[in-house]
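Just so you know, these numbers use all the heavy atoms, side chains as well, and skip hydrogens, waters and symmetry mates.
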2 protein chains.
Amino acid sequence: MLNRLSKYIKNLANKKRATLKDIANVLNISPAAVSKAMHDDSRISDKTKQAVKRVAKELNYQPNHIASALRKGKSNLVGVIVPRTNSNFFSSVLENMEAVLNKAGYNIIITQSNESFEKECKNIDTLLYSQVDGIIASMANETVDLSHYEKIKANGIPLILFDRGENDLNVDYVGINDYDSSHVIVKHLVDKGCKRIAHIGGYRRTRIFNNRIRGYVDALKTNNLPIDDTLIVESSLRLEDGRREMEHLLKLKNRPDAVYVASDYAALGALQVLNENDINVPKDIRLVGFGNEPFTSLVTPSISSIEQHSKDIGRLAAETFLKHIAQPEIKQTLNKIILDAELIIRDSST
Amino acid sequence: MLNRLSKYIKNLANKKRATLKDIANVLNISPAAVSKAMHDDSRISDKTKQAVKRVAKELNYQPNHIASALRKGKSNLVGVIVPRTNSNFFSSVLENMEAVLNKAGYNIIITQSNESFEKECKNIDTLLYSQVDGIIASMANETVDLSHYEKIKANGIPLILFDRGENDLNVDYVGINDYDSSHVIVKHLVDKGCKRIAHIGGYRRTRIFNNRIRGYVDALKTNNLPIDDTLIVESSLRLEDGRREMEHLLKLKNRPDAVYVASDYAALGALQVLNENDINVPKDIRLVGFGNEPFTSLVTPSISSIEQHSKDIGRLAAETFLKHIAQPEIKQTLNKIILDAELIIRDSST
DNA sequence: TATATTTGCTTAATCGATTAAGCAAATATA
DNA sequence: TATATTTGCTTAATCGATTAAGCAAATATA
């Protein structure tokens, strides 16, 4: 046996990787016995187990996950689709998602849609080809047609959405409460004595921005404030959109005394315009952003913002996937996990 | 044949996924012929190809990449290891890397080391188990021992390092020229009339920070400026480190007239201290950071910084991998691609 | 017309790991 | 001592796709 072993070790340089069969040959037993020994099957003797493990180490054996995936019909891969990774929110979600899934023996394949419907379709195809055991996704802004997501459901693997979801799909969802966030912000500003609160929002056709606008309008009603359509604007919420809309709001006869911006980037643009016009923030106009991007605490004055709990969202989305895997009999139904948003109050609104 | 087809379509609900065999059964030909037809083999008639493709569509056939990977000994997966995704630099690298690899039919598995040596070892094991066709990595700060990277080379798959590399490994590397970057920065500050240039750097034990310090010292010599050890400090380069070291520099009898900080976060901390002490930037003290983080253009005054060409690094690392795959006969040798760093001049140093 | 070549497939093995079924030897139980 | 059970393996099939080898029919060439 020692001869066989040393022969095999010599061949290591030539051979690619050791397989179960190689170990079996060294020990003169069947590959089936080796497989069982590696998995500590109770019907294999301790003596054999020890021998197998020793030889496995000696040959630097590494199991071929692809072969095992094919046989078991399980790849231990989870596909993830995000609009982009180049954002603090999404990269933080991914980080925590990965941590949870890794612990459970899963790896993730990350793909980006770049907010494009077409790319999103391609990503789904790619992930299905790769035989992923499930898909966790946040929808692109462009996406309206949902047939490609139905394809995932038709494949019989779990689909979990986060942040950007869609009720019609009837799948699990993890996200924050956009509607309530607006209430928290408006209440905070009212408490500070604000009476004319403007809202620089996103486009209503995107669910999350629509919810923020609805929340804003309802919160004004709740606080007995009039609704003034000139104080509600829709935009793409980039930095320059924030600048343009803030300049516009400053030209109004009756200026607002607070601005709630639905994105931190646009909020920063608004802040730049306010600073340039020597308008004191927060004394003259109070400002609140959304997303708690790192720079909100770095600029002067620091910007109050909504923390989206990216860590929890990543963790919960991963755990939801694992729950489905553990109990495959449970049919996928609409099961929403909505996290309470948290307002981080900084200098711009104190 | 129509009967067979409709039978199969009916079974779709029960059956998981259609396979080559299913298509073969419908058309009453062999699975081998179906495989060849799908790949447009010249020895298959057009009639059969059309029939196969029609039935494939009808049955919603999706090739099982795992089976094909096992047979072909090629997973079309590339493993990537980054210290973290939660950084503008790394997420941008990943984005561009993915774009190039996707086009070539590869998917990427992203793992994070969190700057931990132990996690990095685990990541490598995971990726090797997954039978990746290659690994692209940026080393954790903690990593000194390189045996786990040798394991990748022993496996016979290409290894490409970027940003954080190591000469001893003798593998391809893509990164910027840290040493030259320091020269560019020092020259810029000298051109602006600065005579006492301080350097808040990282720890010398990390290769890239060591290179930046060496570059700074040599550039001072080149410009006939004296080297003053009180103006060189090493730190972890977080925001609070920048604050502390800047406060320290301000207490010197002979204050610097410029500060070159080896990270944007520390540079921001330094800027905050300067602003708080009513020191005019750039008039009294000029400031330059490193990394071109998005916030450098957002703060007041905006911070000059070094663009690390994350897009190019991602693209080049991916292309280097593809080159190795295309020409497997080429032995892996030390092949460095060093990009010229670009100084983005902003208000803090004009 | 006789032979050579091409076309269009089939057959059978393979990539590694896993598992149901089964068998002989060892041990336990009646 | 005779039968039942347990232990420790082996045999053989399987997961889907791919491919080398081969064969018969069709077509081309001499």
Donor on one side chain, acceptor on other, [X] and [Y], under 3.5 Å:
X      : Y      : result
B/S45  : B/T48  : yes
A/D145 : A/S147 : yes
A/N64  : A/R17  : no
B/D172 : B/H324 : yes

Write down the distance between [atom1] ([X]) and [atom2] ([N]), rounded to a whole number of angstrom.
X     : N      : atom1 : atom2 : result
A/K74 : C/dT18 : NZ    : C1'   : 14 Å
B/L27 : C/dT10 : CG    : C1'   : 15 Å
B/K36 : D/dA21 : NZ    : P     : 12 Å
B/K47 : D/dA25 : NZ    : C1'   : 14 Å
B/M38 : D/dT19 : CE    : P     : 14 Å
A/I44 : D/dT7  : CD1   : C1'   : 10 Å
B/D46 : C/dG8  : CG    : C1'   : 12 Å
A/D41 : D/dT10 : CG    : P     : 13 Å

Would you indicate, yes or no, if [N] has its OP1 or OP2 atom less than 4.0 angstrom from a side-chain nitrogen or oxygen of [X]?
X     : N      : answer
B/H39 : D/dT18 : yes
A/S35 : C/dT18 : yes
A/S30 : D/dT10 : yes
B/T48 : C/dC9  : yes

Mind checking who [N] pairs with, Watson-Crick or G-U wobble, both distances under 3.5 Å?
N      : value
C/dA30 : D/dT1
C/dA25 : D/dT6
C/dT19 : D/dA12

Using the side-chain heavy atoms of [X], tell me which of these nucleotides is nearest: [options].
X     : options                : value
B/T19 : D/dT11, D/dA17, D/dG8  : D/dA17
A/R71 : D/dT18, D/dG16, D/dC15 : D/dC15
B/N64 : C/dT18, C/dC9, D/dG16  : D/dG16

Taking side chain to side chain contact (heavy atoms under 4.5 Å, CB included) as the criterion, tell me which of A/D22, A/L20, A/V55 meets it with A/Y61.
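It is A/L20; the other options fail the test.
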Contact nearer the 5' end of DNA chain C, comparing B/K49 with B/L70:
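By nearest-heavy-atom nucleotide position, the 5'-most residue is B/K49.
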Name the residue closer to the 5' end of DNA chain C, choosing between B/I29 and A/Y61 according to the nucleotide with the nearest heavy atom.
B/I29
In Å, rounded to the nearest 0.5 Å, how long is the span from CE of B/M97 to CZ of B/F90?
9.5 Å
First encountered from the 5' end of DNA chain D, between A/S42 and B/L20
A/S42
